[in-house]
Protein chains: 2
Amino acid sequence: MSGVTGTAGEQEFLQELIQHGHFLPGGEAGVYGRGEIFEDVRSRFDAFVSSVAAPDRPQRPHFPPVIPKCTLEKAGYLESFPHLCGAVFSFVGGDADALDLVQRAARGESWGEPFTMTNVVLVPAACYPAYPAIAQRGRLPKGGLTLDLGPSYVFRNEPSGDPARLQMFHQYEMVRMGEAEEVLDWRETWMRRASNILAEVGLNYTLDTATDPFFGRGGKLLAKAQREQRLKFELLAPIASPQPTAVTSFNYHQEHFGSAFGIQLHDGRVASTACLGFGSERITLALFKAHGMDIKAWPASVRKKLWHESRG
Amino acid sequence: MSGVTGTAGEQEFLQELIQHGHFLPGGEAGVYGRGEIFEDVRSRFDAFVSSVAAPDRPQRPHFPPVIPKCTLEKAGYLESFPHLCGAVFSFVGGDADALDLVQRAARGESWGEPFTMTNVVLVPAACYPAYPAIAQRGRLPKGGLTLDLGPSYVFRNEPSGDPARLQMFHQYEMVRMGEAEEVLDWRETWMRRASNILAEVGLNYTLDTATDPFFGRGGKLLAKAQREQRLKFELLAPIASPQPTAVTSFNYHQEHFGSAFGIQLHDGRVASTACLGFGSERITLALFKAHGMDIKAWPASVRKKLWHESRG
């Protein structure tokens, strides 16, 4: 991580994005409006992914960017990533408290004191809301289940000067639930498919094992175990940081979510799950980095793939 | 407002939505996953709106669902709607604090104490991030500016048993900035256009002056002035509540946002602004209420409009 100022390369790329109207700054690191062309590229890449997923006939539910905090608790998020969590707090008070709030804000002071925790938190990973929703339908069918959740907004509390590290961004997420072997096969298939997708849009990617940014001292052990068990893989592509940036991740959860949310196989055993997420904005940024700020000057093969072949 | 339980009609409609897979419950009032068909209807209605807006050649930036809290302060939101605000808080602490957090959660206790306010809040109205973004570009062109922000997620802290009152929902928002007369003309045009749109999808609407849900005792005066000056209009349609529900609103802000954010006309005077928002989920719900839970049984004219004529 490069801190709130960002490296020289990150700062330069951010300024370029702003000059070309792809990012619209709003006064906070990692929170930008996006220009029309940026959004067009992003949605066309998403459509490409959707078209590759279509033959699997996935179910396509959609979830909003907040979840009940009990979902976060059950998922064990607080153990692993308390520092990234965005909890939604709201104001509770009467007229005098509200006036005090306004006056504090006017004086440039903090005005969070009268706020208390609501029942909802921002979604930290796009697959989280899917687990309780599927669990409560009853046992999985034989052969399990595949979900295409589409692009969903997720939040990470990590203000950064790196334009590829946004506080709120889209994960294009898919989830597989079933027997361990089915789930691992699916992940394997998608590592290949996703590599092809990135190659077809002209990105220079590498595939590697990876770890999540676990919190604290205990987190080091968790990361070590995760790497040893090859639970997480990432596709990385050059954006603006000195090292390539993760743009897609493939995560095998073993029975973690299955047992946390009570997801059962057709015969009542605990289901295994895996998910994969394309970082929708990161891939769009990687495309601008690789092919330039002007989409009209992008390679014909990439333009053809995104603008002519990928509407589902 | 009908409270967290909802009226009998609201409860019944919510159960019907769940039975048909249009809403996926997750344990919190006003927070639901949405089924594939629900999302298909919603996105097709959005495409219809987008196609009606296209001849105006609007700019189409997109903004994420969080904004810097200074945007909220400048907009005067805290004065009017402190009770609806969702502020994002995050955990600050070391290993021992994190462990305490996890243990509190495990005991079913509140775990919000070590959380402090971040620099961001949830977007309360989809037009808010547009004002500072436009202001910093410099003066408006002659004739002003029209924005089509598309569907954007907004948050309101009002858990409710009414399925039409979600905590997080899409506003399909458009904004006009310019001379007072230009802005009012645009609002007038869109009241007509939006009425036609609702008629074309078979909704039985009414148009009325309206007021915002201002906070506290002072709020009553604000609402009275707003109604007298005809600053807010709404289109209402039957959903599940005893009274019709607002599904589209048209808001004239006079110079409120222009002076708050320093938006200037081509000659340096303060710009006037107006916005309109289609409640994307509410309209989808109104369609299911009017035409039934099975889209295959919807009137041919509505199906034709949404599925065959409205891809932009």
Side-chain angles (χ1 to χ4, degrees), chain A residues 24-28 31-36 39 59-68 70-71 73 78-79 82-83 85-91 93-95 98 101-102 105 110-112 115-120 122 129-130 132-133 136 153 155 157 159 166-169 215-218, chain B residues 24-28 31-36 39 59-68 70-71 73 78-79 82-83 85-91 93-95 98 101-102 105 110-112 115-120 122 129-130 132-133 136 153 155 157 159 166-169 215-218:
Chain A
L24 316 175
E28 168 70 8
V31 180
Y32 310 103
R34 298 96 193 271
E36 180 164 358
E39 280 298 287
Q59 294 184 23
R60 298 181 186 270
H62 168 81
F63 296 95
V66 293
I67 44 173
C70 63
T71 302
E73 294 166 6
L78 294 173
E79 280 84 341
H83 55 306
C85 173
V88 180
F89 276 56
S90 72
F91 168 76
D95 282 294
L101 196 72
V102 169
S110 159
W111 43 270
F115 279 60
T116 56
M117 201 171 202
T118 66
N119 284 335
V120 297
L122 286 161
Q136 72 174 6
Y153 263 118
F155 177 83
N157 172 45
L166 301 173
Q167 293 195 48
M168 204 147 192
F169 57 95
F215 178 78
R217 278 177 302 187
Chain B
L24 316 174
E28 167 70 8
V31 180
Y32 310 103
R34 298 98 193 271
E36 181 164 358
E39 279 299 287
Q59 294 184 24
R60 298 181 187 268
H62 169 81
F63 296 94
V66 292
I67 44 172
C70 64
T71 302
E73 295 166 5
L78 295 174
E79 281 85 339
H83 56 306
C85 174
V88 180
F89 277 53
S90 71
F91 168 75
D95 281 296
L101 196 72
V102 170
S110 160
W111 43 270
F115 279 60
T116 56
M117 201 172 200
T118 67
N119 284 335
V120 298
L122 287 161
Q136 73 175 3
Y153 263 120
F155 176 85
N157 170 46
L166 301 173
Q167 292 195 50
M168 204 146 193
F169 57 95
F215 178 79
R217 277 177 303 185

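What's counted below: heavy atoms across the whole structure, side chains too, no hydrogens, waters or symmetry copies. Protein chains get the first letters and strands the later ones, always in sequence-line order, with residue 1 at the start of each. Worth saying up front: this structure is predicted, and the values here are computed from it rather than measured.
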What part of [X] is in contact with chain A, defined as an atom under 4.5 angstrom from a non-hydrogen atom: side chain, backbone, both or neither?
X        : result
B:Gln59  : backbone
B:Glu39  : side chain
B:Thr118 : side chain
B:Phe155 : side chain
B:Val88  : both
B:Asp95  : both
B:Pro82  : both

**Asked** Should the ring pair B:Phe215 and A:Phe91 be called parallel, tilted or perpendicular, given that the plane angle runs from 0 to 90° and is split at 30 and 60?
**Response** perpendicular
**Request:** Enter the distance from B:Phe89:CZ to A:Thr116:OG1 here, rounded to the nearest 0.5 Å.
**Result:** 9.0 Å
**Prompt:** Sub-3.5 Å donor-acceptor pair from the side chain of A:Gln167 to the main-chain atoms of B:Val66, do we have one?
**Reply:** no
Which heavy atom of [X] sits nearest to which heavy atom of [Y], and what is that distance?
X        : Y       : value
A:Ile67  : B:Val31 : CA-CG1, 4.5 Å
B:Ala105 : A:Glu73 : CB-CG, 4.2 Å
A:Pro68  : B:Gly27 : CG-C, 4.4 Å

I need the residue from [options] with the largest number of non-hydrogen atom pairs under 4.5 Å to chain B.
options                               : value
A:Ala133, A:Cys85, A:Ser110, A:Ala130 : A:Cys85
A:Phe63, A:Trp111, A:Phe169, A:Tyr32  : A:Trp111
A:Gly33, A:Gly112, A:Ala87            : A:Ala87

**Item:** side chain to side chain contact (heavy atoms under 4.5 Å, CB included) involving B:Pro65 - partner list, sequence neighbours excluded
**Value:** A:Tyr153, A:Met168, B:Tyr153, B:Met168
**Any residue meeting side chain to side chain contact (heavy atoms under 4.5 Å, CB included) with B:Asn119, in chain and number order, not counting sequence neighbours** = A:Glu28, B:Lys69
**Request:** Mind ranking B:Gln136, B:His83, B:Arg60 by heavy-atom pairs under 4.5 Å with chain A and telling me who comes out on top?
**Result:** B:Arg60
**Request:** Find out whether B:Pro64 and A:Leu166 are in side-chain contact, i.e. whether some heavy atom of one side chain is under 4.5 Å from a heavy atom of the other.
**Result:** no
